[in-house]
Number of protein chains: 2
Amino acid sequence: MSIRIFIYDDSTERRDSLKALLSLDEQLVVVAEAPNCIHAIQDIENYFPDVVLMDINMPEVDGLEGLKRIKNKFPEVKVLMQTAYDDSEKIFTSLKNGASGYILKNDKPQRILQAIDEVFKGGAALNPAIAQKVLDYFKPAQRTTSLSPKENEVLSLLAEGLSYKMVADKLGVSYTTINTHTKRIYEKLHISSIGEAIAYYYKHLQ
Amino acid sequence: MSIRIFIYDDSTERRDSLKALLSLDEQLVVVAEAPNCIHAIQDIENYFPDVVLMDINMPEVDGLEGLKRIKNKFPEVKVLMQTAYDDSEKIFTSLKNGASGYILKNDKPQRILQAIDEVFKGGAALNPAIAQKVLDYFKPAQRTTSLSPKENEVLSLLAEGLSYKMVADKLGVSYTTINTHTKRIYEKLHISSIGEAIAYYYKHLQ
DNA sequence: CCCGAAATCCCTATTTTTAGGGATTTTTTT
DNA sequence: AAAAAAATCCCTAAAAATAGGGATTTCGGG
């Protein structure tokens with residue numbers, strides 16, 4: 001009873017060292033590899049891995065897009081994201097899109113093997129630094145001040161019940177500007193609707 | 001310098017008596033008439049009236065629809081709504097759609113002539129009873145308690161930032177039910193967006 | 001002087017919400 | 001018991017919001 005693994009990484013070197021690492025655990029079998037996600041769907045169809053080790057920064061079709069494609073078509077396949085930096089936005093984009101874990105490239109080898117095992121068993125594997133960031137999003141404190149002056153102004157007008165168009169008129173800018181501000185507000189607050197934005201406003205900013 | 005008037009009313013009798021009335025004022029000229037709004041656009045194009053006297057209850061295409069069509073294409077034409085009853089919803093639908101006034105059929109003849117004159121000059125003419133209803137909507141007092149228990153529940157969940165779908169799941173009912181509740185909430189509070197609803201919730205119900 | 005954050009604007013496509021109907025069943029209230 | 005109010009569900013179409021890109025300008029600090 002082995003764990004079938006597919007590796008995506010644009011560096012041949014890196015793929016080789018990963019294969020060397022994984023070969024230490026006889027339960028793990030690297031069934032195939034690729035330098036990017038252009039053929040992600042076919043890859044999965046052909047090799048039906050249990051776990052995908054996914055680098056984020058790859059040319060052509062990157063890991064975030066690959067993750068989406070794979071989870072969309074094969075929700076049962078576990079995808080473990082792997083990158084050099086702990087970029088907050090990418091972490092959340094990944095988790096939102098169904099990643100089973102997020103590890104860093106300089107994590108200890110033992111950690112990586114452990115992570116694969118965890119996600120295969122249905123758990124989630126997060127590098128501790130990543131885990132901290134995730135938890136941070138549940139304490140709204142520091143987010144309060146993260147909005148720019150304009151974003152705060154837009155949010156307060158939305159909280160009055162104004163539509164994008166009305167806010168645009170009131171501030172003398174175009175609709176698209178308000179759309180952009182709102183997108184940034186949603187990004188910063190990690191929400192995705194006007195209702196959540198207004199609830200946030202009255203709960204934390206009022 | 002006369003005022004060109006178009007009369008919409010399904011009762012021939014009523015149209016005749018209106019024409020008789022309006023002929024008393026030599027400034028007023030009834031340029032044409034129709035028993036409903038099927039050809040409203042063409043009517044206005046052909047006769048370019050200054051003021052339209054619009055009955056609400058007519059077969060085929062009624063006055064509310066006629067109002068919308070006319071104001072949509074010819075915003076400069078004044079439309080004076082006229083009906084037998086002071087139905088709150090129709091009043092608000094009319095005013096929202098750009099009616100210049102709202103009078104009742106049993107208003108005194110003198111009132112009717114006056115109303116036409118007012119709207120022609122760019123003013124608004126409201127029967128006093130109607131005016132009262134309109135003012136009522138600006139005092140939020142009585143609206144506070146007007147929501148049904150379920151409507152209040154739905155509103156409070158929306159105010160938490162939940163989408164229609166999430167509210168539906170949470171309450172174990174279908175999406176369309178929430179849609180309907182929301183429509184009723186908006187009607188009762190005389191608003192028309194989730195933003196206004198949530199603002200109302202935090203300002204008046206919290 | 002360069003960099004980065006902030007603010008502005010645009011395009012495209014999808015998802016949600018809103019509006020306008022209609023309709024049935026259950027509860028309450030008279 | 002009949003009427004009114006509340007709650008449920010459905011359909012369709014239009015409007016608004018959301019998501020994902022990209023891009024330019026301004027302004028303040030290092």
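Reminder, nothing fancy here: chain letters follow the sequence lines and each chain counts from 1.
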Tested for side-chain contact (heavy atoms from CB on, under 4.5 Å) against Leu80(A), the lone hit among Ile112(A), Leu67(A), Ile5(A), Ile103(A) is Ile103(A)
Applying the side-chain contact (heavy atoms from CB on, under 4.5 Å) test to Arg15(B), which of Val30(B), Leu53(B), Asp9(B) qualifies? Asp9(B)
State which of [options] makes the closest approach to the side chain of [X].
X	options	answer
His181(B)	dT18(D), dA6(C), dA7(D)	dA7(D)
Lys150(A)	dT18(D), dT8(C), dT18(C)	dT8(C)
Thr177(B)	dT8(D), dG20(D), dA19(C)	dT8(D)
Ser193(B)	dT18(C), dA6(C), dC11(C)	dT18(C)

Could you tell me if the side chain of Glu33(B) sits less than 4.5 Å from the side chain of Leu18(B), heavy atoms only? no
Taking the side chain as every heavy atom from C-beta outward, state whether Asn57(B) and Asp62(B) have any pair of such atoms under 4.5 Å apart. no
Does [Y] offer a backbone N or O that forms a donor-acceptor pair with the side chain of [X] under 3.5 Å?
X	Y	value
Lys71(B)	Val77(B)	yes
Asp107(B)	Leu104(B)	yes
Asn152(B)	Leu147(B)	yes
Tyr164(B)	Leu158(B)	no

Over all strands shown, is Ser192(B) touching base, sugar-phosphate only, or nothing at heavy-atom distances under 4.0 angstrom? sugar-phosphate
Under 4.0 Å, counting only non-hydrogen atoms across every strand here, what does Tyr175(A) touch: a base, just sugar-phosphate, or nothing? base
Please work out which residues in residues 156-174 of chain A have a non-hydrogen atom less than 4.0 Å from an atom of DNA chain D and list them by number. Ser163(A), Tyr164(A)
Calculate the interatomic distance between [X] atom [atom1] and [N] atom [atom2]; express it in whole Å.
X	N	atom1	atom2	answer
Leu147(B)	dA5(D)	CG	C1'	14 Å
Leu155(A)	dA7(C)	CG	P	13 Å
Glu196(A)	dT16(C)	CD	C1'	13 Å
Ile194(B)	dT16(C)	CD1	P	12 Å
Asn179(B)	dT15(C)	CG	C1'	15 Å
Ile178(B)	dA19(C)	CD1	P	16 Å
Arg184(B)	dA5(D)	CZ	P	9 Å
Glu187(B)	dT18(C)	CD	C1'	12 Å

If a protein heavy atom is under 4.0 Å from the base, mark B; if only from the sugar-phosphate, S; if neither, -; do that for nucleotides 25-30 of chain C going 5' to 3'. ------
Contact summary for [X] and [Y], nearest pair of heavy atoms:
X	Y	result
Ala159(A)	Tyr202(A)	O-OH, 2.7 Å
Leu21(B)	Pro109(B)	CD1-CB, 3.4 Å
Asp10(B)	Pro59(B)	CB-CD, 3.6 Å

What pairs meet the side chain to side chain donor-acceptor pair (under 3.5 Å) rule with one or both residues in residues 176-185 of chain B, with sequence neighbours excluded? Ser174(B)-Thr176(B), Ser174(B)-Thr177(B)
Rounding to the nearest 10°, end axes of the helix from dC1(C)-dG30(D) to dT30(C)-dA1(D) built from five pairs each make an angle of 60°
Short side-chain N/O contact from Tyr186(B) to OP1 or OP2 of dA19(C), under 4.0 Å: no
Salt bridge check: are Lys105(B) and Asp55(B) linked by an N-O gap of less than 4.0 Å? yes
In terms of side-chain geometry, is the basic nitrogen of Glu118(B) or Arg111(B) positioned less than 4.0 Å from the acidic oxygen of its partner? no
Could you pull out the protein-nucleic contacts involving nucleotides 21-25 of chain D (nitrogen or oxygen on both sides, under 3.5 Å)?
residue	atom	partner	partner atom	Å
dG21(D)	O6	Lys183(A)	NZ	3.1

For residues 35-52 of chain A, dump all side-chain donor-acceptor pairs below 3.5 Å to protein atoms at least two apart in sequence or in another chain.
residue	atom	partner	partner atom	Å
Asn36(A)	OD1	Ile38(A)	N	2.9
Asp43(A)	OD2	Tyr8(A)	OH	2.7
Asp50(A)	OD2	Arg4(A)	N	2.7

